[in-house]
Amino acid sequence: MSLELKMINENLWQLPQVGEMRVPARVYAKSNLIDLVKHDKSLQQLKNVATLPGIQNFALAMPDIHQGYGFPIGGVAAMDVNEGVISPGGVGYDINCGVRFIKTNLSRQDVEKNLDDLLTALYQTIPTGIGSQNAIGKLSETELKKVLVNGAEWAINKGFGKERDLAVIEENGRMNSAKVDKISSRALQRGASQLGTLGSGNHFVEIGFVDEIFSADISQKLNLKKDQLIIIIHTGSRGFGHQVCDDHLRKMLVQKIDFPLPDKQLIAVKIQSKSGEDYFAAMSSAANFAWANRQVIMSLVEQTFQKSLRISSEKLGFRLIYDVSHNIAKFEDHLIDGKRKELCVHRKGATRAFSAENFSGGTFHEIGQPVIIPGDMGTESYLCVGTKKAMSETFGSTCHGAGRMMSRRKALKSTDFDSVMNELRKKNIKVMAARKKTLIEEMSRAYKNVRDVVDTMHKSGISKKVVRTKPLAVLKG
DNA sequence: ATGTTC
């Protein structure tokens with residue numbers, strides 16, 4: 001199958017439209033990354049996506065592409081709202097998994113001696129690991145439903161963060177399309193105790209610093225300086241979103257569909273059908289849960305910093321730069337053959353990267369939408385901005401992270417806990433995790449080189465590098 | 001990713 005990949009340019013490859021494919025497929029990848037795509041089923045999955053009704057232009061893959069449930073992770077697909085379908089596999093089990101980037105007024109030198117205490121305090125404050133619960137007590141069903149409708153705003157009304165945060169969250173931290181009557185009682189049960197919890201896998205809270213500045217102009221507009229202390233939070237909708245995905249996948253799987261489906265995991269239904277509308281309403285509720293979750297966690301991290309460092313909120317200067325979703329489907333207008341068209345854009349392990357023109361005022365109207373691309377726990381992360389080219393080539397989308405290249409199982413077999421810890425210690429990175437197993441699974445070697453991934457999108461002109469950060473201390477699930 | 005096979 002790899003022979004079918006034709007080079008468009010040194011960062012872009014194309015799979016021709018064959019068989020049931022309705023459009024060709026495209027993969028963004030530097031030459032040293034394209035080989036990694038051929039090791040798993042991700043290219044076949046991308047071809048399968050190209051067969052879905054209503055798909056526009058191309059089935060797209062970002063350089064962090066790897067095998068996922070039905071859809072590849074790192075995939076983007078935009079469907080026509082009238083003829084097209086919506087697929088839970090195109091969103092992922094962790095609905096609105098995403099990242100937020102926070103700046104502080106401190107420099108890395110200010111906390112050098114406090115890092116152990118800070119990390120321990122974070123570990124004690126934020127429930128981590130699979131099954132983690134009760135950061136802020138169990139919510140009543142009535143209260144949880146308010147979370148599902150109001151998203152990040154719910155958290156702010158409860159005192160977690162500030163009103164101004166909403167302006168720097170994708171969708172302002174709330175999708176109006178949420179409907180709580182599309183949520184099962186089991187999902188409600190799971191969600192009630194999980195708000196403000198980190199979860200497991202690649203989720204984390206990272207204390208880091210600005211290591212290199214690529215755009216002096218944009219970093220200045222975002223008030224980011226070299227050596228400045230920053231926080232990155234990566235988590236999603238926890239067991240709640242997982243249950244929502246599971247519930248709606250099951251319902252769709254027993255339905256009759258009128259198009260060829262190459263893989264059951266890719267199950268999709270018409271956007272304009274009852275089950276399509278129900279899924280979107282439930283997905284939106286889970287997205288709102290995830291935004292509330294990141295909002296609560298950010299506030300808990302801020303409180304922990306104040307207490308542990310014994311400094312005022314003013315001196316700490318905690319300020320949300322941006323919050324992005326990288327597992328979501330959204331209705332957006334894009335130009336297709338020069339005509340404005342409403343599409344359902346699936347981004348699974350892909351980040352929205354809108355250009356400056358999409359914002360009517362403020363900083364983002366000058367610089368474009370901030371994009372946060374975390375690497376693995378032992379390397380580095382990037383803050384980028386979206387571009388015009390993203391709007392015309394990728395439905396305003398870019399990559400979301402380094403991308404796995406080794407399965408969790410293989411990672412566990414290949415090394416042990418002490419070796420992983422030693423490597424991190426050599427790099428002077430402090431880590432605390434709920435379980436040793438997760439830390440082994442998350443080792444650097446299990447991931448692609450995030451620098452190559454980000455450079456692919458930068459050189460393609462899709463998302464532009466602003467700053468690189470490096471980790472000092474990481475809380476893992 | 002996930003009360004990791006309701």
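Letters go in sequence order (proteins before strands), and every chain restarts at 1.
When heavy atoms are screened at a 4.0 angstrom cut-off, A:Gly201 is found touching the sugar-phosphate backbone but no base atom. Using a 4.0 Å heavy-atom criterion, one finds that A:Arg250 contacts the sugar-phosphate atoms exclusively. Residue-level contact check: A:Gly236 touches neither bases nor backbone, having no heavy atom under 4.0 Å from any strand.
Distance A:Phe289 CZ to B:dT2 P: 11 Å, rounded to the nearest Å. A:Lys437 places its NZ atom 11 Å from the C1' atom of B:dT2, with the value rounded to the nearest Å. The distance from atom NE2 of A:His248 to atom P of B:dC6 is 19 Å, rounded to the nearest whole Å. Between A:Ile130 atom CD1 and B:dT4 atom P there is a gap of 6 Å when expressed in whole angstrom units. One can place CD of A:Glu441 at 12 Å from C1' of B:dT2, the figure rounded to the nearest angstrom. For the pair A:Gln194 CD and B:dT2 P, the interatomic distance rounds to 8 Å; values are reported in whole Å. Summarising the geometry, the separation between CG on A:Leu249 and P on B:dT2 is reported as 16 Å, rounded to the nearest angstrom. Summarising the geometry, the separation between CD on A:Glu442 and P on B:dT4 is reported as 18 Å, rounded to the nearest angstrom.
Between the side chain of A:Arg408 and the base of B:dT2, no donor-acceptor pair of N or O atoms lies under 3.5 Å.
Geometric assessment of A:Lys348 against the ring of A:Phe71 yields a negative cation-pi assignment under the 6.0 Å and 45° thresholds. Judged by a 6.0 Å distance limit and a 45° cone about the ring axis, A:Arg238 is not positioned over the six-membered ring of A:Phe240.
The pair A:Glu171-A:Arg352 counts as a salt bridge, with a side-chain nitrogen and a carboxylate oxygen less than 4.0 angstrom apart. We find that A:Glu332 and A:Arg347 are joined by a salt bridge, their nearest charged nitrogen and carboxylate oxygen being less than 4.0 Å apart.
Closest-nucleotide positions on DNA chain B for A:Cys97 and A:Arg435 were compared, and the one nearer the 5' end corresponds to A:Cys97.
For A:Arg238, a side-chain nitrogen or oxygen approaches OP1 or OP2 of B:dT2 to under 4.0 Å.
Of the candidates B:dT4, B:dT2, B:dC6, B:dT2 carries the atom nearest the A:Ser200 side chain, counting heavy atoms from C-beta on.
Here the side chains of A:Leu60 and A:Met62 are in contact, with some heavy-atom distance below 4.5 Å.
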